[in-house]
Amino acid sequence: MSRKAVKLLNSFRQTLPAGNVKAAPPHGPFLGQKGVNIGKLSKEFNERTRHIVADAPVPTDFKVYTDRSFTFEIQITTTSWLLKRAAGIQKGSHGNEIVGRINVKQLYEIAKLKQQSNVVTKTTKLEDLTKLILKQAWRMGIEVHKATKVPEQAKQEAKKKSKESSSSSAAASSSSS
């Protein structure tokens with residue numbers, strides 16, 4: 001009984017929602033057309049991505065073989081998604097409009113996470129990778145500030161200061177009359 005050699009049938013990358021792959025559209029039919037056993041994939045993929053934030057876009061590299069077996073490698077989610085999540089926004093900006101803010105610590109954490117993702121970024125210095133991610137944040141309309149305070153805390157403190165300055169200026173104007 002001779003066994004046929006299993007050959008690579010298809011190789012591709014697809015971005016899938018972490019912990020939420022189903023046989024239903026849009027991913028089920030697409031992966032089925034590529035020769036992937038979607039039932040087996042959804043069970044295995046969802047299990048391997050359960051520690052990731054639900055529905056986070058996860059780039060995944062697939063190799064499908066002639067016997068309908070497959071392998072897949074999960075990559076770190078996209079930098080733009082990580083930046084938007086850190087800034088608490090749904091969409092970036094394409095112009096000069098600032099739509100969100102993150103601090104340097106958050107930027108550094110994203111860079112450390114991305115550095116683990118593949119061979120190219122593993123060999124890149126963390127400082128250089130952080131600069132690249134900083135440029136991407138700027139292009140998306142996300143401002144990076146040095147303060148370690150969360151933007152909501154900064155807004156509350158600004159309101160307090162403006163109330164204090166308005167009450168002290170009102171007191172100063174009433175005492176000068």
Side-chain angles (χ1 to χ4, degrees), residues 1-95 97 99-100 102-142 144:
M1 201 155 121
S2 69
R3 188 173 171 174
K4 283 187 173 181
V6 179
K7 294 182 181 177
L8 181 65
L9 176 68
N10 209 340
S11 169
F12 61 96
R13 175 177 273 196
Q14 179 70 20
T15 301
L16 300 171
N20 198 15
V21 171
K22 298 175 182 144
H27 304 292
F30 173 79
L31 294 168
Q33 288 174 359
K34 296 285 188 179
V36 176
N37 178 341
I38 190 64
K40 185 177 177 184
L41 168 76
S42 62
K43 183 178 178 182
E44 191 175 335
F45 181 84
N46 292 339
E47 179 63 29
R48 284 178 52 187
T49 59
R50 67 187 158 113
H51 67 282
I52 301 173
V53 175
D55 292 328
V58 180
T60 309
D61 295 325
F62 288 92
K63 289 184 181 177
V64 183
Y65 301 95
T66 53
D67 66 349
R68 288 191 48 92
S69 64
F70 61 88
T71 60
F72 64 92
E73 185 179 328
I74 297 170
Q75 304 296 324
I76 302 294
T77 193
T78 60
T79 305
S80 61
W81 187 85
L82 292 168
L83 286 167
K84 287 187 286 187
R85 182 164 169 88
I89 58 174
Q90 295 292 320
K91 240 175 134 175
S93 164
H94 294 291
E97 180 185 358
V99 293
I102 62 172
N103 61 43
V104 175
K105 183 178 179 184
Q106 290 170 308
L107 184 75
Y108 179 73
E109 292 298 321
I110 292 170
K112 280 184 7 183
L113 185 64
K114 292 302 284 185
Q115 190 177 38
Q116 302 167 7
S117 66
N118 65 35
V119 176
V120 174
T121 55
K122 281 182 183 175
T123 59
T124 305
K125 291 181 184 175
L126 189 58
E127 182 180 346
D128 294 338
L129 190 57
T130 304
K131 287 177 185 177
L132 288 172
I133 295 170
L134 175 65
K135 287 178 185 176
Q136 184 172 352
W138 285 339
R139 286 191 302 269
M140 292 174 64
I142 298 173
V144 179

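Everything numeric here is computed off the predicted structure, so don't read it as measured data. Position 1 is the first residue of the sequence, and the numbers go up from there.
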Student: How far apart are the closest heavy atoms of V53 and A18, and which atoms are they?
Tutor: O-CB, 3.6 Å

Student: Grab the two heavy atoms, one from T78 and one from P59, that are nearest each other, plus how far apart they are.
Tutor: CG2-CG, 4.3 Å

Student: Mind listing the closest non-hydrogen atom pair of P26 and P29 along with its distance?
Tutor: O-CD, 4.0 Å

Student: What pair of heavy atoms forms the shortest contact from K84 to I142, and how long is it?
Tutor: N-CD1, 4.3 Å

Student: Does R48 count as lying over the ring of F72, i.e. NZ or CZ under 6.0 Å from the six-ring centre, within 45 degrees of the axis?
Tutor: yes

Student: Enter the distance from I38:CD1 to Q33:CD here, rounded to the nearest 0.5 Å.
Tutor: 11.5 Å

Student: For the CG atom of D67 and the NZ atom of K7, what is their distance to the nearest 0.5 Å?
Tutor: 13.0 Å

Student: I need the K22 NZ to N46 CG distance, nearest 0.5 Å.
Tutor: 8.5 Å

Student: Could you tell me whether E44 and K40 have a side-chain N and a carboxylate O separated by less than 4.0 Å?
Tutor: no

Student: Take L129 and I133 through the side-chain contact (heavy atoms from CB on, under 4.5 Å) test and state the conclusion after the steps.
Tutor: CA-CA 6 Å; L129 190 57; I133 295 170; 4.2 Å; yes

Student: Indicate yes or no for a side-chain donor-acceptor contact from T49 to the backbone of G19 under 3.5 Å, with no hydrogens or angles considered.
Tutor: yes

Student: Go through the steps for F45 and V21 under the test side-chain contact (heavy atoms from CB on, under 4.5 Å), then give the verdict.
Tutor: CA-CA 7 Å; F45 181 84; V21 171; 3.2 Å; yes

Student: Mind listing the closest non-hydrogen atom pair of R68 and G35 along with its distance?
Tutor: NH1-O, 3.6 Å

Student: Main chain of A23, side chain of S42: is a donor-acceptor contact present, judged purely on distance under 3.5 Å?
Tutor: no

Student: Does N20 reach the main-chain N or O of D55 with its side chain, forming a donor-acceptor pair under 3.5 Å?
Tutor: no

Student: Can you measure from OG (S80) to NZ (K91) and round to the nearest 0.5 angstrom?
Tutor: 13.0 Å

Student: For T60 and E73, what are the C-alpha separation, side-chain angles and deciding distance, and is it a side-chain contact (heavy atoms from CB on, under 4.5 Å)?
Tutor: CA-CA 6 Å; T60 309; E73 185 179 328; over 6 Å; no

Student: One thing to verify: whether E109 and K105 come together as a salt bridge, which I'm taking to mean a side-chain N less than 4.0 angstrom from a carboxylate O.
Tutor: no

Student: Assign the ring pair F30 / F12 to parallel, tilted or perpendicular, where the plane angle (0 to 90°) is split at 30° and 60°.
Tutor: perpendicular

Student: Before giving the answer on salt bridge (Lys or Arg N to Asp or Glu O under 4.0 Å), spell out for E47 and K43 the whole-Å C-alpha distance, their side-chain angles and the decisive distance to 0.1 Å.
Tutor: CA-CA 6 Å; E47 179 63 29; K43 183 178 178 182; over 6 Å; no

Student: Between CD of Q75 and NZ of K114, what distance do you get to the nearest 0.5 Å?
Tutor: 8.5 Å

Student: To the nearest 0.5 angstrom, please state how far the CZ atom of F62 sits from the OG1 atom of T71.
Tutor: 9.5 Å

Student: Test side-chain contact (heavy atoms from CB on, under 4.5 Å) on M140 and S93; report intermediate values, then the result.
Tutor: CA-CA 5 Å; M140 292 174 64; S93 164; over 6 Å; no

Student: Only one of T77, I76, L83 clears side-chain contact (heavy atoms from CB on, under 4.5 Å) with T79; which?
Tutor: L83

Student: Nearest heavy-atom pair of T15 and H27: which atoms, and what distance?
Tutor: O-CE1, 3.5 Å

Student: With no hydrogens and no angle check, is any side-chain donor or acceptor of N10 less than 3.5 Å from a backbone partner on V64?
Tutor: no

